[in-house]
Protein chains: 2
Amino acid sequence: MITNPETQPTRGTQLSEQVARQLTHAIHTGDMRPGERLPTEAALGERYGISRSVVREAISMLRNAGLVTSRRGSGSFVAEVPTVALRLAIPDPSLQSVIRLLELRRALEVEAARLAAQRRTPSQLRRIRNAMADIDEAVEIGADGVDQDMAFHRAIAEASNNTHFTAIIDFYNRFLHHAITVTRTNESLRETFMAQVIEEHQAIVDAIDQGDEDAAAQAAARHLEHAEWRLRQAPTDLLERLEDTATDTPV
Amino acid sequence: MITNPETQPTRGTQLSEQVARQLTHAIHTGDMRPGERLPTEAALGERYGISRSVVREAISMLRNAGLVTSRRGSGSFVAEVPTVALRLAIPDPSLQSVIRLLELRRALEVEAARLAAQRRTPSQLRRIRNAMADIDEAVEIGADGVDQDMAFHRAIAEASNNTHFTAIIDFYNRFLHHAITVTRTNESLRETFMAQVIEEHQAIVDAIDQGDEDAAAQAAARHLEHAEWRLRQAPTDLLERLEDTATDTPV
DNA sequence: ATTTATAATGTTGTCTGACAAATCCATTGG
DNA sequence: CCAATGGATTTGTCAGACAACATTATAAAT
């Protein structure tokens, strides 16, 4: 029932999608500021010449994308920290997929280590050191130390002082947890592996400590190259078990 | 109007959200398999004892989460490749934020160039070359060539044959568009800048062509370092215009 | 009998109108 | 000045209808 050609949404297949795009654009460009209230559903319907159903569907998309929040009786508001949803395929747990994730991890963590060497604050450096000590502690009492390992790498990402790195690394860590566990629970190779890992970690931390960005990046790159090698060394039966425990990861 | 206590959705504030959770669970547990058709909206409304509006809103959530796709006249289907949504904060358009994005870009594109040098297929290499030619063409007719530039970098990411890279690069490209445009529309520096850019691009492509992964990574790193430098060289009035559109909301 | 056109049916997208539930606001009363 | 209360506003849900498109069954033609 498009009655207002002036503000008619741009062509597209789905009406609600067109409206959602327009509103999204208004938020992205700062035309509507965080915390600000959106026009009422009725008003938006009037403006675009569409029914309230379509407006609701459009707002539902924005809500789902984390751009707005709605409060019954009050209205819909631009989120205080607007987010966009980056839709990514769920990695299947095959060895191939895990290696693709390691490639991404290498890209991010090498650069994160470089930035950390440049910018880490004293307290961030302290936290990195503590995380490294936690790994040793966990290994000594017989645990696999995977959680501590991930916390260590996260501490480095935090020291990069660039939230993009931490956000993406957090996201992918969920899918890597199991893979790392596999390489650690390999009894025969465990001791030599752990010794390698600890030494590689130490090299990264030293470089960050000294503010040597190239050395930090190089140490991180070496660590992740070796991580891939260690994963490939894991016996085939363990890798198959990797396939069995498919993602029970929630959205 | 919950009439069927047997299948009553679990407790929660929003009816549609409860239904969405149930359906999501059914998909995750493999109760509904990829490609399978969901029950019709009317049937779902019947099953849960809710109106079609609520069912539609619930399905809208799943659609937005990438779990299902809907075809008018046909039905809604479980997506072939289920996705998860990574929600990231929207970068504000300040110079500082743009530089943070460039840092992320550097991390990804350096590694993407390395992988592309290892794995690019002949057709992928051809596409990269075409994209590079498109930039020249656009510049010659007086356009800024920003879109073509981004397409060029995307072609390289594709040649890495790792979908994680393309997905993330696509995501942040949206926010870099304006910043790149600023550095390009600077009349006084434009010619020298474009000459630099073209030369840097050529170096990347040559390395990828020859399969020299280290050279490709190095060329990409240099390109992005220079990109940051060029951005900083942009006259202050242009940069301020970049800052002006920023949210000055205190958070 | 096979293929092609046509009709019937089913499904999602959109419109309209109504009411419930929660919130907001202004007036009133102390 | 403050609190309570009532009305107005706004989102959430319900209900029914039609439009647009897809699928399937039926009929027609060669």
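Order of the sequence lines sets the chain letters (A, B, ...), proteins ahead of strands, with each chain counted from 1.
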Whole angstrom is fine here: how far is it from CG in A/Leu38 over to P in D/dT11?
9 Å
Counting only side-chain heavy atoms from C-beta out, which of D/dT10, C/dT12, C/dA18 sits nearest to A/Thr40?
D/dT10
Distance check needed: C/dT14 P versus A/Glu41 CD, whole Å only.
15 Å
Does B/Arg52 make a side-chain donor-acceptor contact with the base of C/dG13, cut-off 3.5 Å?
yes
In numerical order, the residues of residues 65-73 of chain A whose heavy atoms come under 4.0 Å of DNA chain D are A/Ser70, A/Arg71, A/Arg72, A/Gly73
Under 4.0 Å between a side-chain N or O of B/Ser51 and OP1 or OP2 of D/dC14?
yes
Check every atom of D/dT13, D/dA17, C/dT11 against the side chain of B/Ser16 and return the nucleotide holding the closest atom.
D/dT13
Listed nucleotide nearest any side-chain atom of B/Ile50, set D/dT10, D/dC14, C/dC15:
D/dC14
Among D/dT11, D/dG12, C/dT14, which is the nearest nucleotide to the side chain of A/Val54?
C/dT14
Please report the distance, rounded to the nearest Å, between CD1 in B/Ile59 and C1' in C/dT11.
11 Å
Can you spot which of B/Thr166, B/Asn173, B/Asp170, B/Asp149 makes a side chain to side chain donor-acceptor pair (under 3.5 Å) with B/Arg154?
B/Asp170
With nearest nucleotide decided by heavy atoms, which residue, B/Pro39 or A/Phe77, maps closer to the 5′ end of DNA chain C?
B/Pro39
Residues in side chain to side chain donor-acceptor pair (under 3.5 Å) contact with B/His164, at least two apart in sequence or another chain:
A/Tyr172
If you apply the rule side chain to side chain contact (heavy atoms under 4.5 Å, CB included), what do you find for B/Arg105 with B/His153, and how did you get there?
CA-CA 10 Å; B/Arg105 220 187 127 180; B/His153 286 285; 3.3 Å; yes
Within the pair B/Arg56 and C/dG13, is there a side-chain N or O less than 4.0 Å away from OP1 or OP2?
yes
Are any of A/Arg63's side-chain N or O atoms less than 4.0 Å away from OP1 or OP2 of D/dG12?
yes
Pairing of A/Arg63 and B/Glu57 as salt bridge, 4.0 angstrom limit:
yes
Can you check whether A/Ser74 has a side-chain N or O nearer than 4.0 Å to OP1 or OP2 of C/dC24?
yes
By the definition side chain to side chain contact (heavy atoms under 4.5 Å, CB included), identify the one residue from B/Val55, B/Leu44, B/Asp31 that meets it with B/Leu23.
B/Leu44
Starting at CD of A/Glu46 and ending at P of C/dC15, how long is that distance when rounded to a whole Å?
13 Å
What is the distance, rounded to the nearest whole Å, between atom CD of A/Glu57 and atom P of C/dC15?
11 Å
NZ/NE/NH1/NH2 to OD/OE distance under 4.0 Å, B/Glu103 and B/Arg106
no
A/Glu17 has an atom CD; how far is it from atom C1' of C/dT14, in whole Å?
15 Å
Any side-chain donor paired with an acceptor under 3.5 Å for B/Gln124 and B/Asn161?
yes
Measure from OH on A/Tyr48 to C1' on C/dT14 and round the result to the nearest Å.
18 Å
